[in-house]
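Okay, structure first, notes after.
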Amino acid sequence: MSNENTHHGRCFCGAVEVTVSGEPAGMGYCHCDSCRHWSASPVNAFTLWRPEAVRVTRGPEHVGTFNRTPHSFRKWCTACGGHLFTEHPGLGLVDVYAATIPQFPFRPGLHVNYQETKLRMQDGLPKMKDMPREMGGSGITLPE
Ligand SMILES: [Zn+2]
Ligand SMILES: [Zn+2]
């Protein structure tokens, strides 16, 4: 595992540290109600990784988990409440929030669940109504 391809991240207080290695499977912005409600922000900047690419390297005993549905297991630091990542077992991917890994070069490729948006973003990237077809969605794009 090469060091230049490994990026370090941490929770808000630093009790929990994570690393991601290699290249993500996708990057973008999610506008869905669940992401907005969970993150208390108008949009979630995500990076998606294969589970083996994500490692908790410090403070695993501080990692809390909550799942409202079987699709998303949300992880945060129980010491500070800072969010870390969300496991999506059905997709076989882990969403490490871009804000958790600030050194990682975030290059968004698309917006998903744009039909639920509360913050329109005119950046020229594709706006998927829900999800891409290869991820079980309709594949329909919407105007910005
Ligand atoms: Zn913390
Ligand atoms: Zn979402």
Side-chain angles (χ1 to χ4, degrees), residues 5-144:
N5 250 347
T6 297
H7 296 271
H8 300 267
R10 61 208 304 240
C11 67
F12 194 57
C13 76
V16 180
E17 293 180 357
V18 299
T19 63
V20 292
S21 300
E23 290 298 318
M27 295 183 255
Y29 299 100
C30 186
H31 296 254
C32 84
D33 175 73
S34 289
C35 281
R36 286 188 285 105
H37 205 159
W38 163 251
S39 65
S41 68
V43 63
N44 174 41
F46 65 82
T47 69
L48 293 170
W49 304 79
R50 308 299 305 181
E52 56 270 23
V54 181
R55 290 197 310 134
V56 174
T57 51
R58 181 171 189 238
E61 69 275 18
H62 295 299
V63 177
T65 300
F66 177 79
N67 68 300
R68 193 171 69 176
T69 73
H71 306 297
S72 301
F73 289 73
R74 299 168 189 280
K75 311 279 184 175
W76 73 95
C77 169
T78 56
C80 70
H83 294 177
L84 294 161
F85 53 88
T86 293
E87 294 172 350
H88 298 296
L91 293 174
L93 293 169
V94 179
D95 170 8
V96 181
Y97 309 124
T100 303
I101 43 172
Q103 313 305 327
F104 179 76
F106 180 62
R107 288 186 293 269
L110 78 174
H111 294 249
V112 298
N113 295 309
Y114 203 61
Q115 64 181 342
E116 300 174 49
T117 190
K118 298 294 183 190
L119 179 66
R120 295 190 170 274
M121 297 167 75
Q122 293 172 345
D123 56 6
L125 294 175
K127 306 295 184 299
M128 308 300 301
K129 176 174 182 250
D130 39 78
M131 297 288 278
R133 203 168 285 162
E134 60 270 27
M135 296 178 79
S138 68
I140 294 169
T141 56
L142 298 176
E144 290 192 322

- Query: Does the side-chain contact (heavy atoms from CB on, under 4.5 Å) test come out yes or no for Asp95 and Asn44, once each step is laid out?
  - Reply: CA-CA 10 Å; Asp95 170 8; Asn44 174 41; 3.2 Å; yes
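- Scanning all heavy atoms of the two residues, the minimum distance from Thr47 to Trp49 falls at OG1-NE1, 2.6 Å.
- Closest approach of Met27 to Arg107, counting heavy atoms only: SD-N, 3.3 Å.
- Counting heavy atoms of neighbouring residues, nucleotides and ligands inside a 6.0 Å radius, atom CZ of Phe12 does not exceed 12 of them.
- Once rounded to the nearest 0.5 Å, the distance linking CG of Asn113 with SG of Cys35 reads 7.5 Å.
- Residues His8 and Gln103 approach most closely at O-CG, 4.3 Å, considering heavy atoms.
- Within the 4.5 Å cutoff, the side chain of Met128 has heavy atoms near those of the Thr141 side chain.
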- Item | Stepwise side-chain contact (heavy atoms from CB on, under 4.5 Å) test for Phe104 and Val96 | CA-CA 11 Å; Phe104 179 76; Val96 181; over 6 Å; no
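- Side-chain contact between Leu110 and Leu125 is absent, with no heavy-atom pair separated by less than 4.5 Å.
- Contact record, Gly14 with Arg58: O-NH1, 2.6 Å, taken as the closest heavy-atom pair.
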- Passes side-chain contact (heavy atoms from CB on, under 4.5 Å), Cys30 versus Val112? Steps please. CA-CA 5 Å; Cys30 186; Val112 298; 3.7 Å; yes
- Task: Determine, stepwise, if the pair Val18 / Lys75 fulfils side-chain contact (heavy atoms from CB on, under 4.5 Å).
- Result: CA-CA 12 Å; Val18 299; Lys75 311 279 184 175; over 6 Å; no
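- A donor-acceptor pair under 3.5 Å is formed between the side chain of Glu144 and the backbone N or O of Gly124.
- To the nearest 0.5 angstrom, His111 atom NE2 is 6.0 Å from Tyr29 atom OH.
- The two residues Thr6 and Ser21 come nearest to each other via the heavy atoms OG1-OG, 3.2 Å.
- Between the side chain of Lys118 and the backbone N or O of Asp33 there is no donor-acceptor pair closer than 3.5 Å.
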Output side-chain donor-acceptor pairs under 3.5 Å for residues 78-94, partner residues at least two apart or in another chain, one line each.
unit_1, atom_1, unit_2, atom_2, d
Thr78, OG1, His62, O, 3.1
His83, ND1, Trp38, NE1, 3.1
Thr86, OG1, Tyr97, OH, 2.3
His88, ND1, His71, O, 3.2
His88, ND1, Ser72, OG, 3.2

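- In terms of heavy-atom proximity, Gly59 sits nearest to Val16 at O-CG2, 3.5 Å.
- In this structure, the side chain of Arg36 engages the main chain of Glu116 through a donor-acceptor pair within 3.5 Å.
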